[in-house]
Visitor: 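This is the structure I want to talk about, given as structure tokens.
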2 protein chains.
Amino acid sequence: MQLAAVIDAGGVSEGAAMLGLTQPAVSRSLAMLEARVGEPLFIKGRRPLQATALGSQLAVQGRAIISASRRASDVVQGFVRGTTGQVRLGGVPFFIDAMISRMVGEFLNLEPGVTVQQAYMNLPELTAALEANQIDIGIVPIGALDLGPRFVFTEILPGRNIVACRPGHPLMRKRPLEAGDLTRYPWVAPLPGSPLMSDLQMILMSIGMSDLNIRYSGGSLMSVVHVLAETDALAVLPFSVVFAQRQENRITVLPYDIPQPNRSLGILRLTSGPRNPAVERFAGYIISAFEDLKHVIRRHERSVVWAAGPDSSM
Amino acid sequence: MQLAAVIDAGGVSEGAAMLGLTQPAVSRSLAMLEARVGEPLFIKGRRPLQATALGSQLAVQGRAIISASRRASDVVQGFVRGTTGQVRLGGVPFFIDAMISRMVGEFLNLEPGVTVQQAYMNLPELTAALEANQIDIGIVPIGALDLGPRFVFTEILPGRNIVACRPGHPLMRKRPLEAGDLTRYPWVAPLPGSPLMSDLQMILMSIGMSDLNIRYSGGSLMSVVHVLAETDALAVLPFSVVFAQRQENRITVLPYDIPQPNRSLGILRLTSGPRNPAVERFAGYIISAFEDLKHVIRRHERSVVWAAGPDSSM
DNA sequence: CGCACAGTATAGCAATATGTCATGAAGTTG
DNA sequence: CAACTTCATGACATATTGCTATACTGTGCG
């Protein structure tokens, strides 16, 4: 490192200053290096200090070490500030696709030094991945069940499912809507193993039917939305997911009340995980983004209510 | 470096062994690093030692430092053996193009770790470049003049100029050849400033003419050969340069004796330059290659003489 | 040619970083 | 739960590495 600094600075004194050392210190360590190597690193008796071939080649490695060292400091600094690092995120597909990925994009703009590595997974794999230190944070809907003291769960949105369909769906005009109406149309089922799958079972039980006419299953959110928009199919979806799609106006909420799962979307983390400011920042950003989202949803519902007719209860 | 070694080796003890240190030494320096950083680098209480995010990121830089350090050792080792390094070569264009570049190619095959950086220059710039440590070695024809004690000159081939022309040139059949014949054909002049230029002047004086019909000048060796081969032009060239082109059979030696310069091709180096085994190896290779070349030339001339007719003098 | 100056090497010394050995603590495994 | 492996800690030695002060050497100018 000293060799590189001296060669780059053009003199022992300047090179020493560049490293925050005194000239004698550098002079001596270079002399010792020369002795160790057994070859001159500088051409003696030249005033504009001139390196030998060997000196220049060694300086290349010295520069590499200097820059690696500097980067190491940057890594540490960036880490404690949370402005550098990697966030390994796991989450259920629909929420990730509908909302989280958008927030990730905004977060990446705010924190240019952070990278996000994301994997789709449901609750069982997610807890395993957290414990195996494969992910730092999970975004998942969780029921009342307690996962034990090893995990900490932060709710970010209360769970609320609805039946979704395309805006021009025939059932949108039918009043009153009855359970039997729902079974007359094809259904889109969510990914097997996802929480929505059990919600769908629950709804089936509540309306007293044993099965639905499931025409499509296993698709990602984008695929499901496309199918809903192009057909008269119905699907159980989290309200927030449908809400996030409101701009596109491809799917809407069918005004039929279904049993609600006792479940909330939230952030799952290890209790005793090592501090990671980048992850904390990310979690904070997600939480505040959902805080904002709740307000937007409230305003939106109010306006929908008003559009349907004045309601003093808000 | 220790962090990287420990993470790569999968344990403190193994990592320490990999660096030739004892386990407590590494254990403590890592503990001190953790204290300095203020963040854990490892997840405590996990038997297959697991690094935190910060630990892994710092290890990346550690690996960079390890490899730079290892490369530095390689550079030194390769340098003292002469198997690694850079040879900065300066030389006159015609010799470089005709012979040296070919030998450089052979040398590069022998020494895969050596790179050759070459620059075309004539004697004045060459000595300046040597003194300024811009080149390590020069290949140049030098006259009797002594350059002083700062330079050491190693002759590799006695200078010998001939008049070159294409094999089917009309003068090749004319006997006897007289000075006037030479002036009736166009000439190709070498690069201005090159030693051949002064040789050409000398030849002019010797045949009592003040100027020649110079039709082409300033070309590299390949260009000159092309022009000679396509026209009836003549040129003064070093015999060895023409000899090196014998395979292509594009130019040949016109059997007309011209005044010979008191000059030899050789290797010019600084007397007090820093030892550079790669350069020494290169110089040694060039010298031995020219040694071989001299033998080939001798055999060739003998066979030419025999072809012309038996000669008891050899 | 020699003097002044800038820059580099050397000397002496102090602090600390870094190593080793011995040993205790903690986690893993049969 | 005991044996074993692996990591952390303590006590100590020493080599590295830093600093201040000073001698040396090459450079440039009168």
Side-chain angles (χ1 to χ4, degrees), chain A residues 1-52 55 58-59 62 65-66 69 72-73 131-133 150 270 272-274, chain B residues 1-52 55 58-59 62 65-66 69 72-73 131-133 149-150 270-274:
Chain A
M1 297 170 72
Q2 295 185 3
L3 177 67
V6 164
I7 289 180
D8 291 346
V12 176
S13 310
E14 296 93 320
M18 184 175 288
L19 296 175
L21 300 176
T22 60
Q23 171 266 318
V26 174
S27 176
R28 197 181 44 178
S29 23
L30 288 184
M32 292 175 76
L33 179 62
E34 265 187 343
R36 232 180 91 186
V37 167
E39 301 282 342
L41 301 174
F42 295 96
I43 299 176
K44 308 294 177 188
R46 280 290 151 97
R47 184 44 67 190
L49 203 59
Q50 184 91 40
T52 65
L58 281 181
I65 294 181
I66 289 177
S69 184
S73 301
E131 288 200 294
N133 192 32
R150 306 177 51 81
L270 277 183
S272 63
Chain B
M1 297 169 71
Q2 296 186 1
L3 178 66
V6 165
I7 289 179
D8 291 347
V12 176
S13 310
E14 296 93 319
M18 186 175 288
L19 296 175
L21 299 175
T22 59
Q23 170 266 319
V26 173
S27 176
R28 202 181 39 176
S29 22
L30 288 185
M32 293 175 77
L33 178 62
E34 265 186 343
R36 234 181 91 186
V37 167
E39 301 283 341
L41 301 174
F42 295 96
I43 299 175
K44 307 296 177 186
R46 280 290 150 98
R47 184 45 69 190
L49 203 59
Q50 184 92 37
T52 64
L58 281 181
I65 294 181
I66 288 178
S69 184
S73 301
E131 288 201 295
N133 191 32
R150 306 177 51 79
L270 277 183
T271 312
S272 63

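Given the structure is predicted, the values throughout are model-derived calculations rather than measurements. Just so we're on the same page: letters track the sequence lines, and every chain starts at 1.
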Visitor: Mind calculating the distance between CD (B/Gln2) and P (C/dT20) to the nearest angstrom?
Guide: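 Rounding to the nearest Å, CD of B/Gln2 and P of C/dT20 are 10 Å apart.
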Visitor: How long is the span from the CD atom in B/Gln50 to the CG atom in B/Leu41, to the nearest 0.5 Å?
Guide: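 Separation between the atoms: 13.0 Å.
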Visitor: Counting Watson-Crick and G-U wobble pairs whose two distances are both under 3.5 Å, find the runs of 3 or more in a row that involve DNA chain D.
Guide: C:1-30 with D:1-30
Visitor: Please name all residues satisfying side-chain hydrogen bond (donor to acceptor under 3.5 Å, both in side chains) with A/Gln23, sequence neighbours left out, ordered by chain then number.
Guide: none
Visitor: Using side-chain heavy atoms (C-beta onward) and a distance below 4.5 Å, is A/Phe42 in contact with A/Val12?
Guide: no
Visitor: Rounded to the nearest Å, what distance is computed from the CZ atom of residue B/Arg28 to the C1' atom of nucleotide D/dT6?
Guide: 18 Å
Visitor: For A/Leu30 and D/dT16, give me the distance from atom CG to atom C1', rounded to whole Å.
Guide: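 A/Leu30 atom CG is separated from D/dT16 atom C1' by 15 Å.
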Visitor: Could you grab the distance from atom CD1 of A/Ile7 to atom OG1 of A/Thr52, nearest 0.5 Å is fine?
Guide: 7.5 Å
Visitor: Take the protein atom CG of B/Leu3 and the nucleotide atom P of C/dT18, then report the distance between them rounded to whole Å.
Guide: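 After rounding, the gap between these two atoms is 14 Å.
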Visitor: Can you check the B/Arg36 CZ to C/dT16 P distance for me, whole Å?
Guide: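 For the pair B/Arg36 CZ and C/dT16 P, the rounded distance is 15 Å.
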Visitor: Does some side-chain heavy atom of A/Glu131 sit less than 4.5 Å from a side-chain heavy atom of A/Leu270?
Guide: yes
Visitor: In whole angstrom, give the distance that lies between atom CG of B/Leu33 and atom P of C/dA17.
Guide: 13 Å
Visitor: With heavy-atom distances below 4.5 Å as the criterion, would you say the side chains of A/Leu21 and A/Gln2 are in contact?
Guide: yes
Visitor: Rounding to a whole Å, what distance do you find between A/Ile43:CD1 and D/dG26:P?
Guide: 15 Å
Visitor: Hey, could you give me each pair passing side-chain hydrogen bond (donor to acceptor under 3.5 Å, both in side chains) that has a residue in residues 7-19 of chain B? Not counting sequence neighbours.
Guide: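 Non-adjacent pairs meeting side-chain hydrogen bond (donor to acceptor under 3.5 Å, both in side chains): B/Asp8-B/Arg63.
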Visitor: Scan for salt bridge (Lys or Arg N to Asp or Glu O under 4.0 Å) pairs involving residues 15-26 of chain B, sequence neighbours excluded, and state none if there are none.
Guide: none
Visitor: Just to be sure I understand the geometry, which residues of residues 12-25 of chain B put a non-hydrogen atom under 4.0 Å away from DNA chain C?
Guide: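 Result for residues 12-25 of chain B: B/Leu21, B/Thr22, B/Pro24, B/Ala25, sorted by number.
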Visitor: Taking atom P of C/dG19 as reference, at what distance in whole Å does atom CE of B/Met32 sit?
Guide: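 About 10 Å, once rounded to whole Å.
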Visitor: For residues 27-38 of chain A, which residue pairs pass the salt bridge (Lys or Arg N to Asp or Glu O under 4.0 Å) check, not counting sequence neighbours?
Guide: A/Glu34-A/Lys44
